[in-house]
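Below is one structure, written out as structure tokens, with a few remarks after it.
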Number of protein chains: 2
Amino acid sequence: EGIVVSGAAVSKDEAKIALRGVPDKPGIAASILGGFASHNINVDVIIQNTSEAGLADMSLTVSKADLPDARSVAEALVVDLGASGFECDENIAKLSVVGIGMRSHTGVAERMFSALAEEGINIQMISTSEIKISVVVDEGLADKALMAVHRAFDLQNSPF
Amino acid sequence: EGIVVSGAAVSKDEAKIALRGVPDKPGIAASILGGFASHNINVDVIIQNTSEAGLADMSLTVSKADLPDARSVAEALVVDLGASGFECDENIAKLSVVGIGMRSHTGVAERMFSALAEEGINIQMISTSEIKISVVVDEGLADKALMAVHRAFDLQNSPF
Ligand SMILES: C[C@@H](O)[C@H](N)C(=O)O
Ligand SMILES: C[C@@H](O)[C@H](N)C(=O)O
């Protein structure tokens with residue numbers, strides 16, 4: 001594949017807000033991000049998969065310190081948008097693998113996911129870009145997860 | 001926020017496979033990527049949000065040329081994993097905005113999503129990394145979507 005995995009890193013200062021059943025129509029994503037922006041909350045990961053029956057789920061991660069604020073933003077959004085509800089979880093960590101030439105990163109993703117599977121670590125969320133594959137795992141398993149991908153990709157113990 | 005949006009680009013050679021209701025337990029993501037890897041299918045976007053009731057949805061994008069192959073991989077996976085089913089859609093495009101310092105990219109995401117909302121363009125999927133926000137939109141609206149974000153971020157008509 002011509003891909004070089006240059007590093008892996010884990011971020012434990014993450015908390016998740018999962019908005020469930022938001023209307024899948026133009027303007028909703030903008031309203032959601034607007035809610036967090038107006039409270040000066042930095043959003044890291046934003047994940048939305050395709051909807052079913054006109055309703056979509058959107059998850060965002062914020063720093064743990066911002067979670068109380070983010071929670072109240074989410075509460076208000078659920079009411080304003082008529083969403084089904086939301087969940088929060090601060091027991092998470094984000095693990096990322098960085099590589100060059102990852103437009104064809106099927107093999108890298110498979111190796112990363114297999115390494116986690118072999119440790120019995122469940123993958124809660126996945127988000128990718130050309131150079132990075134990020135997953136959300138249980139925070140208590142973050143160190144084990146990082147070591148697993150370091151081994152799988154033969155990396156030294158250094159971020160990126 | 002100290003963020004500079006350096007460019008935007010759209011990729012029309014994209015087709016989506018959405019696997020629905022896959023078991024949310026270790027090893028599943030690895031099996032899914034293994035299925036595509038063994039058929040030499042390049043996967044671009046991988047999106048998985050948190051599960052509900054022990055079932056997760058995972059979407060992947062592939063090139064349009066790979067869709068027939070990817071579809072048969074998906075059919076087999078649904079059977080092997082006991083998933084609920086899958087959907088395909090080749091009528092999509094991926095629009096990305098790239099910036100520097102996007103760890104706090106709430107404002108950039110809001111501006112991007114608002115620009116699309118103002119054109120009545122529905123956002124089907126969202127995936128982010130520190131330097132990039134990618135959305136999937138209807139392929140027929142791809143050019144309009146790119147122009148909207150170029151205007152919103154005052155960009156010239158050049159990718160990245
Ligand atoms: C769900 C949300 O992304 C919606 N489809 C929008 O375009 O804003
Ligand atoms: C759904 C899938 O990501 C599963 N949680 C896994 O770890 O493989």
Side-chain angles (χ1 to χ4, degrees), chain A residues 1 16 18 20 24-34 36-37 40-52 56-59 87 89 96 103-107 109-136, chain B residues 1 16 18 20 24-34 36-37 40-52 56-59 87 89 96 103-107 109-136:
Chain A
E1 257 168 344
K16 176 197 83 184
R20 299 292 191 187
D24 184 23
K25 56 182 187 179
I28 299 296
S31 299
I32 292 169
L33 269 296
F36 291 96
N40 290 314
I41 295 172
N42 288 346
V43 169
D44 181 17
V45 176
I46 306 168
I47 286 178
Q48 179 201 314
N49 206 338
T50 43
S51 63
E52 282 187 286
D57 294 344
M58 187 190 299
S59 287
E87 303 143 26
D89 185 358
S96 301
R103 174 62 176 81
S104 60
H105 53 203
T106 319
E110 196 222 355
R111 194 189 298 190
M112 179 186 191
F113 301 165
S114 297
L116 297 174
E118 279 161 33
E119 299 297 322
I121 296 170
N122 195 47
I123 296 166
Q124 299 178 17
M125 292 160 78
I126 302 169
S127 179
T128 55
S129 72
E130 277 78 359
I131 61 162
K132 184 182 284 197
I133 299 171
S134 293
V135 300
V136 166
Chain B
E1 261 166 340
K16 174 197 85 184
R20 299 293 190 186
D24 184 24
K25 56 180 186 178
I28 298 297
S31 299
I32 292 169
L33 269 296
F36 291 97
N40 289 316
I41 295 171
N42 287 346
V43 169
D44 182 16
V45 177
I46 305 169
I47 285 177
Q48 179 200 314
N49 206 337
T50 43
S51 63
E52 284 188 285
D57 293 344
M58 187 190 298
S59 287
E87 304 145 24
D89 186 358
S96 301
R103 176 61 177 80
S104 60
H105 54 201
T106 319
E110 196 221 353
R111 193 189 299 192
M112 179 186 191
F113 301 164
S114 297
L116 298 174
E118 279 160 34
E119 300 296 323
I121 295 170
N122 196 47
I123 295 166
Q124 300 179 16
M125 293 159 80
I126 302 169
S127 179
T128 55
S129 73
E130 277 78 358
I131 61 163
K132 186 182 284 198
I133 299 172
S134 293
V135 299
V136 166

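Since we're looking at a predicted model, the values are computed, not measured. Order of the sequence lines fixes the chain letters, A, B, ..., with proteins taken first and strands second; residue numbering starts at 1 for each chain.
- Among the candidates B:A37, B:S51, B:A18, B:S59, the residue making the largest number of heavy-atom pairs closer than 4.5 Å to chain A is B:S59.
- Within the 4.5 angstrom heavy-atom criterion, atoms from both the backbone and the side chain of A:A29 approach chain B.
- In terms of heavy-atom pairs under 4.5 Å with chain B, the best-connected choice from A:G27, A:A30, A:P26 is A:P26.
- Inter-residue side-chain proximity for A:V135 and A:M125 is flagged as unmet; no heavy-atom pair is nearer than 4.5 Å.
- Not counting sequence neighbours, the partners of A:R20 by the side-chain hydrogen bond (donor to acceptor under 3.5 Å, both in side chains) test are A:D57, A:E87, B:T50.
- A donor-acceptor contact closer than 3.5 angstrom is absent between the side chains of A:S134 and A:S127.
- Of the atoms belonging to A:I41, it is backbone heavy atoms, and not side-chain ones, that fall under 4.5 Å from chain B.
- B:F113 has its side chain out of reach of A:I32: every pair of non-hydrogen atoms, C-beta onward, lies at least 4.5 Å apart.
- Between B:V136 and B:I47, the closest side-chain pair of non-hydrogen atoms is not below 4.5 Å.
- Comparing A:M112, A:K25, A:E52 by how many heavy-atom pairs each has under 4.5 Å with chain B, the most go to A:E52.
- Looking at A:L116, there are no atoms closer than 4.5 Å to chain B (heavy atoms on both sides), in backbone or side chain.
- For a residue to count as touching a neighbouring chain, one of its non-hydrogen atoms must lie under 4.5 Å from one of that chain's; by this rule B:M58 touches chain A with backbone and side chain alike.
- Interface remark: A:S114 contributes backbone and side-chain atoms alike to the contact with chain B (heavy atom separation under 4.5 Å).
- A:E130 has its side chain within reach of B:D44: a pair of non-hydrogen atoms, C-beta onward, lies under 4.5 Å apart.
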